[in-house]
Amino acid sequence: MTETAPKTAAVIGAGPAGLMAAEVLSAGGMAVTVIDRMPSAGRKFLMAGRGGLNLTHSEPLDIFVARYGAATAHLEPMLETFPPRALIAWADGLGAETFVGSSGRVFPKAMKASPLLRAWLARLERQDVRFRLRREWRGWSDNAAAPDVTVLALGGASWPRLGADGGWTALLKATGVEVAPLRPANMGFDVDWSEHFRARFAGRPLKNVALRFGRDGARGDAMLTRYGIEGGAVYALSSALREALAQAKPITLEIDLRPDVPQLEIESRLARPQGKDSRANYLRKALGLSPMETNLLRETATPPERLKSVALRLTGTQPLARAISTAGGISFDALDGALMLKAMPGTYAVGEMLDWEAPTGGYLLQACFSTAVFAARAILDRLALPRGIEPRFQP
Ligand SMILES: Cc1cc2nc3c(=O)[nH]c(=O)nc-3n(C[C@H](O)[C@H](O)[C@H](O)COP(=O)(O)OP(=O)(O)OC[C@H]3O[C@@H](n4cnc5c(N)ncnc54)[C@H](O)[C@@H]3O)c2cc1C
């Protein structure tokens, strides 16, 4: 009796989305080959690990899914298929036990990606996943031995030295796939600091501030940089700020330097006379302003009584190459309900190359994992293959 050859899958891109697709497909009995142009897998995943590897977030799923803004309706079924708790269980199964940080963000206890990636690659090897590294993918047209299915997991275009450079956009557009322009997400913004201010305060954090832009607001820290401002609270508003800057420049970001102190109290503290104190000393004693904050008020021509609404002029965005993530990508209209490209039957797309964006907080990796599990399961269903030998993804 001859055995039928297993169905073959090529996964292009060895980032978290590609590796997750490879795991599910190989667990379902497919012969999987992962191709990547880099000499090793998961380079951006490892870089994310430098910041502690914020895998996902612990908030309720209905709040979680809303973080994806316009893409929420598209991503909801994928996030329900493989929700944060399933990702946490999966990481645990690879020996990367997680904890919930004070902000609700979920991290592996090791606070890095390398042990998790090592255990994951070992598991993929046990599942007979083959790796073809240092291979550039340029489409299947010149390849006679095309696999049964292809999963594209080529990533966005931030930090291109880690492998993903968005070069795939031209290739897919040429085959009729609609791709929304790639734009920076979770990035810094330009400010025309004076030379004096830049030299003294670039690299200093603004701790526990509230930022406002139009109807959007964010609490947290920001970092003053040579070119302007960045950091968690800025990233949270980056999508709205980017879109506004695309319409008109400059725009005004409002900073509340003392979000927990009411305006009336600020005014009453400022009612005490300055006496013999220098201006900086007086403001330090009355309001606890650091030299950096006092200089920021001067730099932005803000009187101290208005420190809850410092108007910072943003003149531009930092480039995509320096962003944490990428907005834009393959339009959901170009995909069927299983994330298969309508223009390229048999070819699926997952991860950051799809047209969604989200703030930092674990939403980026979670969507990469969830889209990969969703597409891979749909592929197994379409090929009438079992949905994997391990129940570890079941929530
Ligand atoms: C500094 C930094 C910190 C981050 N921290 C976090 C975090 O804490 N939490 C979080 O949720 N997210 C974080 N992210 C974002 C997260 O890392 C990405 O969203 C995620 O890696 C995207 O996964 P992906 O598999 O879709 O793409 P990638 O991880 O970018 O993988 C794509 C792969 O495709 C390969 N490739 C591309 N084109 C080709 C080609 N033509 N031929 C062959 N191979 C190709 C690339 O070499 C790459 O290996 C961070 C990102 C950065 C830059």
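Each ligand, and each atom within it, is numbered from 1 in the order the structure gives.
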Give me the nearest non-hydrogen protein atom to [atom] as residue plus atom name, then the distance to 0.1 Å.
atom	value
atom 17 (O) of ligand 1	Lys44 CG, 3.6 Å
atom 27 (O) of ligand 1	Gly155 CA, 3.3 Å
atom 47 (O) of ligand 1	Asp36 OD1, 2.7 Å
atom 10 (C) of ligand 1	Leu365 CG, 3.4 Å
atom 25 (O) of ligand 1	Ala17 N, 3.0 Å
atom 32 (C) of ligand 1	Ala153 O, 3.4 Å
atom 39 (C) of ligand 1	Leu154 CD2, 3.4 Å
atom 50 (C) of ligand 1	Ile324 CG2, 3.7 Å

Which atoms from ligand 1 have a heavy atom of [X] less than 4.0 Å away?
X	value
Met47	1 (C)
Ala164	30 (O), 46 (C)
Gly362	11 (O)
Glu352	18 (C), 19 (O), 20 (C), 22 (C), 26 (O)
Leu364	10 (C), 11 (O), 12 (N), 15 (C), 19 (O)
Met38	47 (O)

From the options [options], select the one whose nearest heavy atom is closest to [atom].
atom	options	result
atom 3 (C) of ligand 1	Ser158, Gly139, Ala48	Ala48
atom 53 (C) of ligand 1	Trp159, Phe369, Phe107	Trp159
atom 21 (O) of ligand 1	Pro16, Gly13, Gly15	Pro16
atom 40 (C) of ligand 1	Trp168, Trp137, Phe45	Trp137

Considering only NZ, NE, NH1 and NH2 on the basic side and carboxylate oxygens on the acidic side, decide whether [X] and [Y] come within less than 4.0 Å.
X	Y	value
Glu299	Arg313	no
Asp190	Arg226	no
Glu59	Arg67	yes
Arg382	Asp336	yes

Only one of Gln263, Glu267, Arg269 passes side chain to side chain contact (heavy atoms under 4.5 Å, CB included) with Glu265, and that residue is Arg269
Taken to the nearest 0.5 Å, the spacing of Ser158 OG from Glu352 CD works out to 5.5 Å
Is atom NZ of Lys112 surrounded by more than 12 heavy atoms (other residues, nucleotides or ligands) closer than 6.0 Å?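 Counting neighbours around NZ of Lys112, 12 or fewer heavy atoms of other residues, nucleotides or ligands fall under 6.0 Å, so no.
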Assess whether atom NZ of Lys342 is packed by more than 12 heavy atoms of other residues, nucleotides or ligands within 6.0 Å.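 Yes, enclosed.
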task = Go through Leu46 and Leu117 one step at a time and tell me if the side chain to side chain contact (heavy atoms under 4.5 Å, CB included) criterion holds.
result = CA-CA 8 Å; Leu46 288 171; Leu117 182 61; 3.7 Å; yes
*asked:* Pairs of nitrogen or oxygen atoms closer than 3.5 Å, one from Asn54 and one from ligand 1: do any exist?
replied: yes
* **Test of proximity, Gly351 against ligand 1: N or O pairs below 3.5 Å** => no
Is the Phe369 to Trp90 ring centre distance short of 6.0 Å?
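They qualify: ring centres under 6.0 Å apart.
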Exercise for the section: Step through it carefully: locate the ring centre of Phe374, locate the ring centre of Phe82, and say whether they are under 6.0 Å apart. Expected result: no
(request) Check whether any side-chain heavy atom of Leu257 sits under 4.5 Å from a side-chain heavy atom of Leu296, and report yes or no. (result)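 In contact.
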For Cys368, is the nearest heavy atom under 4.0 Å from an atom of ligand 1? yes
* Asked: For Arg135, is the nearest heavy atom under 4.0 Å from an atom of ligand 1?
  ->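 Right, Arg135 reaches ligand 1.
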Under 30°, 30 to 60°, or over 60°: which ring-plane class applies to Phe45 and Trp120, parallel, tilted or perpendicular?
->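 Ring orientation, 0 to 90° scale: perpendicular.
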